[in-house]
Amino acid sequence: MNVLLLGSGGREHAMAWKLSQSSLLSKLYVAPGNAGTEQIATNVSLNPMDFSAVDRYIRRNSINMLIVGPEAPLVAGIVDYFEESSKHKDLVVIGPPKAGALLEGSKDFAKAFMARHNIPTADYQTFKSGELKQAKAHLDKINPPYVIKADGLAAGKGVIITENRQKAESTLEDMLENSSLGEAGTKVVIEQFMDGIEVSSFVVTDGTAYKILPSAKDYKRAYDGDKGPNTGGMGAISPVPFVDAEFHEKTLNQIIIPTIKGLRKDNIPFNGFVFIGLIKVGSDPYVIEYNCRLGDPESEVILPLLKSDLLHLFDSLGSGLLSEYDLQIEDKTAATVMLTSGGYPGDYSKGKQINGLENTPKETEGIVFHAGTKTSRGKVVTAGGRVLACTGIGNGLEQALERSYKLAESISFSDKQYRKDIGQDVLVKVV
Ligand code: GLY
């Protein structure tokens, strides 16, 4: 099978790494990819948002399966584009069409979906441009901290949580009146704050059958102690120690099954990942948000734990045989620490030479996944804010973290920055 994978982050390197182990794979192409995917696949200089260029590439290279990594092409309708095309009758596309991707593409849509299907989530109210006065008045009805979310995709800048009333009001003004986030902020959702601990659940579904991947927890703030600005994710662990049988059952019965039934009831087609951002309040799960793809850096800890063949999973999904797929997970723990460019998530420079990549451990103990990297004059250099995900695998979280940090310390580039406390909040030390 010839496969084209769209994307260029750590998630796509982790997917490419796992796909490249499949006996079903003939050729793997990654567009645009990074210096890591280049070592195991053919990188293709294509913009995933340029559907007609992707279309031409697929036809010229006899691609059988298209896997969409990031959310933007899904929300923009790449799956619909290929489903509607008479030239691609046999192409398997992994990812939901636009109607399903709206679970991530519109916060208002997702909240209304949850309300309709009695899925536990925070109370909310939506306001559009022209309703600034009503939005500000609504703040009187809720207790701080105020949670304000732009309706659309906003590259990690769309969620503001603040205790400060003034800041909440100026955020509403910026989004609704001053178009600070463009189209994404012309509608906002104001939510009641929920106090608890976050965890994510990953489900592969064709809209009827489903398989559940290991739980994961990511660390979104830039600095130790969950301080500083939000990032795409500074590290992750999987599975999460506090996801015990009771919490898993509650998540399954109150959230996962109602979500899949809800999609069916609403005639929303789906063929890919539902990534459910959860918060555990007391002992109960609530949905913070839905995403329509795998997480990054969650992929860098989940995929190394997958014993079974990822391409076989996608093939089963594409051919309506997901219920028969035998999903097997290693009885191990994975942790990843993201090495970032100094200044990230603000301004940072690129093009710094990366050293130490040759000292890799056995793949059963650790893997370095590339994110913002590229090859320049035969050397691997930094090319983004999140540069490398250093994944450690072990018997338990403590060993996984130890291996992950050993890798993180063995790699160098100027202005390297990383969190030192990934996993510490949930680590139960064995003495
Ligand atoms: N790590 C969060 C995300 O992928 O959206």
Side-chain angles (χ1 to χ4, degrees), residues 5-15 34 48 67-75 94-96 100-107 110 147 149-161 181 184 197-204 213-223 226 228-240 243 272-279 287-305 334-340 344-345 369-372 384-391 404 418-419 421-423 425-426:
L5 167 64
L6 300 183
S8 62
R11 167 184 50 217
E12 285 74 26
H13 187 196
M15 286 173 114
N34 57 38
I67 304 169
V68 187
E71 64 278 16
L74 293 168
V75 171
I94 302 300
L102 264 186
L103 279 182
E104 176 164 3
S106 167
K107 298 277 183 283
V147 181
K149 295 182 175 176
D151 180 55
L153 296 184
K157 298 194 171 78
V159 179
I160 304 293
I161 302 176
L181 295 176
I197 183 155
E198 291 184 27
V199 58
S200 296
S201 183
F202 294 84
V203 184
V204 190
L213 296 172
S215 60
K217 175 168 168 51
D218 81 337
Y219 292 80
K220 291 198 181 74
R221 300 292 188 121
Y223 313 132
D226 266 335
N230 257 329
T231 69
M234 298 294 286
I237 59 162
S238 176
V240 180
V243 177
F273 295 98
V274 189
F275 156 9
I276 313 175
L278 300 168
I279 186 160
V287 178
I288 301 177
E289 63 178 15
Y290 287 112
N291 297 292
C292 59
R293 51 168 173 94
L294 268 182
D296 191 353
E298 291 91 334
S299 302
E300 292 94 300
V301 286
I302 292 173
L303 296 177
L305 299 180
T336 202
V337 174
M338 196 56 94
L339 303 184
T340 63
Y344 172 80
F369 293 116
H370 290 232
R386 293 194 295 169
V387 178
L388 296 162
C390 300
T391 298
S404 167
Y418 60 104
R419 270 182 68 162
D421 66 342
I422 301 300
D425 55 338
V426 291

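Ligands are counted one by one from 1 in listed order, and the atoms in each one are counted from 1 as well.
Salt-bridge check for Lys220 with Glu198: passed, with a basic side-chain N closer than 4.0 Å to an acidic carboxylate O.
Residues of the protein with a heavy atom under 4.0 Å from ligand 1 are Asp218, Gly232, Phe275, Arg293, Gly295, Asp296, Pro297, Glu298, listed by chain and number.
When side chains are defined from C-beta on, Val426 does not count as touching Val199, because their heavy atoms never get closer than 4.5 Å.
By the ring-ring contact (aromatic ring centres under 6.0 Å, His included) test, Tyr219 is found to be paired with no residue, residues two or more places apart in sequence or in another chain being considered. Partners of Asp421 according to the side-chain hydrogen bond (donor to acceptor under 3.5 Å, both in side chains) rule, which considers only residues two or more places apart in sequence or in another chain, are Arg419. Every residue meeting the salt bridge (Lys or Arg N to Asp or Glu O under 4.0 Å) condition with Glu104, not counting sequence neighbours, appears here in chain and number order: Arg293.
At a cut-off of 3.5 Å, with distance as the only test, no side-chain donor of Ser8 or Asn34 sits close to an acceptor on the other residue.
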